Amino acid sequence: MKVYNTLSRSIEEFTTLEPGKVSMYVCGPTVYAKAHIGHAMSALVFDIIRRYFEFKGFDVRHVMNFTDVDDKIILRANEKGMDPFALGEMYIREFEEHLKAFNILPATVNPRATREMDQIITMISGLIEKGFAYPVDGDVYFRVTRDSAYGKLSGRRIDDMQSGYRIEVDERKEHPMDFALWKAAKPGEPAWDSPWGKGRPGWHIECSAMNLNHLGEQIDIHGGGNDLIFPHHENEIAQSESFTGKQFARYWIHNGMLQLSGEKMSKSIGNLVTIEEFLANHPADTLRMLVLNSGYRNPLSYSDDILAQAERAIDRLRSGLKPALPGASGISPEGEKVLANQAAATEQGFIRSMDDDFNTSGALAALFELVRVINQARADGATDEQLSTAQLLLRKLAGVLGLTLEKAEVSDHSVDSFVDLLIEIRKDLRANKLWQLSDKVRDRLAELGVVLEDSLEGTSWHWK
RNA sequence: GGCGACGUGGCCAAGAGGCUAAGGCAAGGGUCUGCAAAACCCUGAUCAUGGGUUCAAAUCCCAUCGUCGCCUCCA
């Protein structure tokens, strides 16, 4: 397998620390507001990666954190007159529901910053002891000049960065780029006891501590959105490697940003679609298809047009799973062979694409080719028996991508018999060539969301 | 100002030195059908622009134009 590593900015052969096992840490959201579909995109990307590793036989330990203490959470909680912990809890619950709706496999562990205070404090103390950090008035800062490798992930040099250009520099810091590991508490803020007085962790340290606690000193993969490369992931590397003296993550994988009207979807710009809004208007698989259709590292633009394309593409995949035509009499052994050959070619093509830095777009192409050949065979009269192996493969490989190909479940079957009755009456109308009336039945049913499909053997129907 | 990514048919999007430039959506034509729908068949791009390297470039190099991301919280 080959994987693009942000650290080297190149495609590398993928190997694991331990044979057959993958440890993967993915940055989850800071829970201070409703999650938007950019968050969902990131979760989808790493869900697909994780599913593929499991398909390849790896035992995956997947950690996704929730950062549930931070300035913005406190700010929002104060605005809403809520307890900051309750606010975080609320958004965590909501996000977990969303993950389920998107068919995203639950991570092995979902640690939270507030539940790892001991590890965080231990780590900060260690960094101070080793000279990588220093306390000032109850704050603790990381000393970037002490870390010669600082900047290796984002490709920046400390001197090149114009810190203070857009934000005022805290004069107490030794260097403008030094960042907070611990922040002294202001009155009324949530705070924990520490050797430096009451306070709370800075933004980056919690991920380093949770990595250490749940995956160990070294991990295979660290992932997240590419907007986290700097400063978040750069700082995580600095903290973790300074603390352990070992290489931290071997592969850094970053997904591209979701864009709305040509700009990154983000809370600060306000051009966002919340997951809630999305799910109210679209099947969850639509977003997954959007993600699958393009490279995970590229920016992904979001529009109604593209959404509609994705929905049609899913319909196309589903068409491969339709049963044999009524009265199918079977296809020749040669026809069976064509089907079997395509199934083999599709499986190979799927694996070849996915092995190449998770080329989901190529993997989908392999699936669509299988769909076409299945549909050809069906049109030629293949029986369910003859279609079954290829269809099973289609279902299985779609499943590796996290697509269920199930139609949104219509739970109410109480109208089925009425539709059947109308079809029966329409059959009589057609037998008597009363086309206007029979077309009226079909059109009116279509308006109600029931699509009729006539064939030589009879009429079938499905919900639109 | 610094760092980085990208620009492939109407739309989305693979491909990263050399077989006919994948696949999906849309469109047009055809088969089937009473008409539809579904399915099947057929049809289209020389790869932002200009140079260069090479026997050979969408793929490498340089320049230009354009779009986007990071450098401040962000998936």
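These numbers come from the heavy atoms of this one structure, side chains and all, not from hydrogens, waters or symmetry mates. Below, chain A is the first sequence line, B the second, and so on; all start at residue 1. Small disclaimer: the values here were computed from a predicted structure and weren't measured.
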Could you state the atom-to-atom distance from [atom1] of [X] to [atom2] of [N] in whole Å?
X      : N     : atom1 : atom2 : result
A:F350 : B:G24 : CZ    : C1'   : 16 Å
A:H98  : B:A75 : NE2   : P     : 14 Å
A:H233 : B:C3  : NE2   : P     : 23 Å
A:R316 : B:A38 : CZ    : C1'   : 11 Å
A:D380 : B:U31 : CG    : C1'   : 13 Å
A:K152 : B:C3  : NZ    : C1'   : 18 Å
A:L445 : B:C35 : CG    : C1'   : 17 Å
A:N255 : B:A5  : CG    : C1'   : 14 Å

Output a table of donor-acceptor pairs, distance under 3.5 Å, between side-chain atoms of residues 388-401 of chain A and any protein atom two or more places apart or on a different chain; print 'none' if there are none.
residue	atom	partner	partner atom	Å
A:S388	OG	A:E385	O	2.8
A:Q391	NE2	A:G320	O	2.9
A:Q391	NE2	A:K322	O	2.9
A:R395	NH1	A:E406	OE2	3.4

Requested in this report: Only counting residues at least two apart or in another chain, list the ones meeting side-chain hydrogen bond (donor to acceptor under 3.5 Å, both in side chains) with A:D416.
Outcome: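 Partners of A:D416 under the side-chain hydrogen bond (donor to acceptor under 3.5 Å, both in side chains) test: A:H413.
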Counting side-chain heavy atoms from CB outward, which of [options] is closest to [X]?
X      : options             : answer
A:Q309 : B:A75, B:C11, B:G23 : B:C11
A:H39  : B:C11, B:A22, B:A75 : B:A75
A:C27  : B:A38, B:A75, B:C11 : B:A75
A:N226 : B:G69, B:A75, B:A37 : B:G69
A:M257 : B:A75, B:G23, B:A26 : B:A75

Query raised in the report: NA contact type, A:M289, heavy-atom cut-off 4.0 Å: base, sugar-phosphate, or nothing?
Result: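 Since no nucleic acid heavy atom lies under 4.0 Å of A:M289, the category is nothing.
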Query raised in the report: Is A:L290 touching bases, backbone alone, or none of the nucleic acid, heavy atoms closer than 4.0 Å?
Result: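 Touches nothing.
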**Report entry** Side-chain heavy atoms of A:L153 within contact of A:E236, under 4.5 Å
**Finding:**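 Of all side-chain heavy-atom pairs linking A:E236 with A:L153, none is under 4.5 Å.
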Requested in this report: Apply side chain to side chain contact (heavy atoms under 4.5 Å, CB included) to A:L448 and list each qualifying residue two or more places apart in sequence or on a separate chain.
Outcome: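 A:L448 satisfies side chain to side chain contact (heavy atoms under 4.5 Å, CB included) with no other residue.
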For [Y] together with [X], are the ring centres under 6.0 Å from each other?
X      : Y      : value
A:F46  : A:Y25  : no
A:Y141 : A:F179 : no
A:H254 : A:H233 : yes

Below 3.5 Å is the cut-off: list the nitrogen or oxygen pairs between protein and nucleotides 14-16 of chain B, distance only.
residue	atom	partner	partner atom	Å
B:A14	OP1	A:G295	N	2.5
B:A14	OP1	A:N298	ND2	2.9
B:A14	O3'	A:N359	ND2	3.1
B:A14	O2'	A:N359	ND2	3.2
B:G15	OP1	A:N359	ND2	3.4

Query - A:D71-A:Y32 side chain donor-acceptor pair, cut-off 3.5 Å - result: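 The answer is no; no qualifying pair exists.
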N/O (side chain, [X]) to phosphate O (OP1/OP2, [N]) under 4.0 Å:
X      : N     : value
A:K264 : B:C70 : yes
A:R157 : B:G2  : no
A:N375 : B:C40 : yes

Query - ring-ring contact (aromatic ring centres under 6.0 Å, His included) partners of residues 280-339 of chain A, not counting sequence neighbours, each pair once - result: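 Of all non-adjacent pairs touching residues 280-339 of chain A, those that pass ring-ring contact (aromatic ring centres under 6.0 Å, His included) are A:F278-A:H282.
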Can you name the atoms? Protein N/O to nucleotides 32-34 of chain B N/O, anything below 3.5 Å, with the distance.
residue	atom	partner	partner atom	Å
B:G34	N7	A:R430	NH2	3.3
B:G34	O6	A:R430	NE	3.1
B:G34	N1	A:D439	OD1	3.0
B:G34	N2	A:D439	OD2	2.7

Query raised in the report: Can you say whether the rings of A:F14 and A:Y251 are parallel (under 30°), tilted (30 to 60°) or perpendicular (over 60°)?
Result: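 The arrangement is tilted - the two ring planes meet at 30° to 60°.
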Query raised in the report: Below 3.5 Å, does any donor atom in the side chain of A:R156 face an acceptor in the base of B:C70, or the other way round?
Result: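 For A:R156, whose side chain was compared with the base of B:C70, there is a donor-acceptor pair (under 3.5 Å).
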Query raised in the report: Given the P atoms of B:C55 and B:G2, what is the spacing between them in whole Å?
Result: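 These two P atoms come out 37 Å apart once rounded.
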**Report entry** Spacing of the P atoms in B:A38 and B:A26 (rounded, Å)
**Finding:**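 That atom pair is separated by 9 Å.
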Query raised in the report: With both distances kept under 3.5 Å, what pairs with B:C70, Watson-Crick or G-U wobble?
Result: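 B:C70 is paired, partner B:G2.
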